[in-house]
Amino acid sequence: MNGDEQLLRGRVYGRDHEDQDPGPLPHRTYAALTGGPLDGLLLDIADWRPEEIDNGVALPTELGQFPGGRALYDPRPDEPRRPGPGVVCRFYHSGDTP
């Protein structure tokens with residue numbers, strides 16, 4: 001694991017790594033990002049509707065195949081989601097786009 005990957009582990013995507021506590025908040029709902037450049041990060045989905053979760057996400061990142069591009073993450077339709085708060089599902093890396 002390189003230094004960038006270690007920095008990301010257990011952190012919430014979009015929160016500044018210089019925050020005193022960039023980790024998850026106990027009252028929020030998260031998807032765990034699995035694989036790809038953002039592996040190990042949590043994505044806050046507390047305010048998302050179920051259909052938005054079903055559609056997955058394209059997250060801006062400098063760490064992917066295309067620096068300044070987006071990493072694509074999708075849920076697996078056969079994987080159950082548990083009620084939140086906490087980590088309720090996983091989004092799996094499905095590619096990168098410029």
Side-chain angles (χ1 to χ4, degrees):
M1 182 181 307
N2 69 33
D4 285 338
E5 289 170 339
Q6 285 180 331
L7 185 67
L8 295 178
R9 290 247 170 247
R11 192 169 74 79
V12 176
Y13 174 84
R15 293 195 54 197
D16 189 340
H17 68 274
E18 293 181 9
D19 282 351
Q20 277 188 326
D21 183 9
L25 299 172
H27 61 281
R28 302 294 291 177
T29 303
Y30 300 95
L33 301 178
T34 304
L38 303 177
D39 185 55
L41 280 176
L42 300 175
L43 179 65
D44 188 333
I45 58 170
D47 300 324
W48 292 26
R49 295 185 318 271
E51 58 272 15
E52 290 174 309
I53 295 170
D54 292 342
N55 289 335
V57 65
L59 299 170
T61 182
E62 295 296 323
L63 302 175
Q65 180 181 358
F66 306 101
R70 294 178 182 267
L72 308 174
Y73 285 85
D74 299 293
R76 292 193 177 143
D78 59 337
E79 223 174 62
R81 293 185 201 126
R82 67 173 195 80
V87 177
V88 300
C89 63
R90 293 187 183 280
F91 282 7
Y92 296 88
H93 184 250
S94 59
D96 296 306
T97 187

Side-chain polar contacts of residues 63-77 - donor-acceptor pairs under 3.5 angstrom, sequence neighbours left out - could you list them?
| unit_1 | atom_1 | unit_2 | atom_2 | d |
| --- | --- | --- | --- | --- |
| R70 | NH1 | A58 | O | 3.1 |
| Y73 | OH | G35 | O | 2.7 |
| Y73 | OH | L38 | N | 3.0 |
| D74 | OD2 | S94 | OG | 2.6 |

Determine the minimum heavy-atom distance between L42 and A32, stating which atoms define it.
CD2-CA, 3.9 Å
I need the F91 CZ to I45 CD1 distance, nearest 0.5 Å.
5.0 Å
Could you check whether any side-chain heavy atom of L33 comes within less than 4.5 Å of a side-chain heavy atom of Y92, counting everything from C-beta outward?
no
Beyond-backbone contact of R28 with D47, side-chain heavy atoms, under 4.5 angstrom
yes
A side-chain contact here means heavy atoms from C-beta on lying under 4.5 Å apart; do T34 and D39 qualify?
yes
Contact between V88 and Y30 at the side-chain level, heavy atoms closer than 4.5 Å - yes or no?
no
Going by the side chain to side chain donor-acceptor pair (under 3.5 Å) test, which pairs reach into residues 52-64, not counting sequence neighbours?
D54-R81
Please find the pair of heavy atoms, one from R11 and one from L41, that lie closest to each other, and give the distance.
O-CD2, 3.1 Å
To the nearest 0.5 Å, atom CG of L43 lies from atom CZ of R90 at 13.5 Å
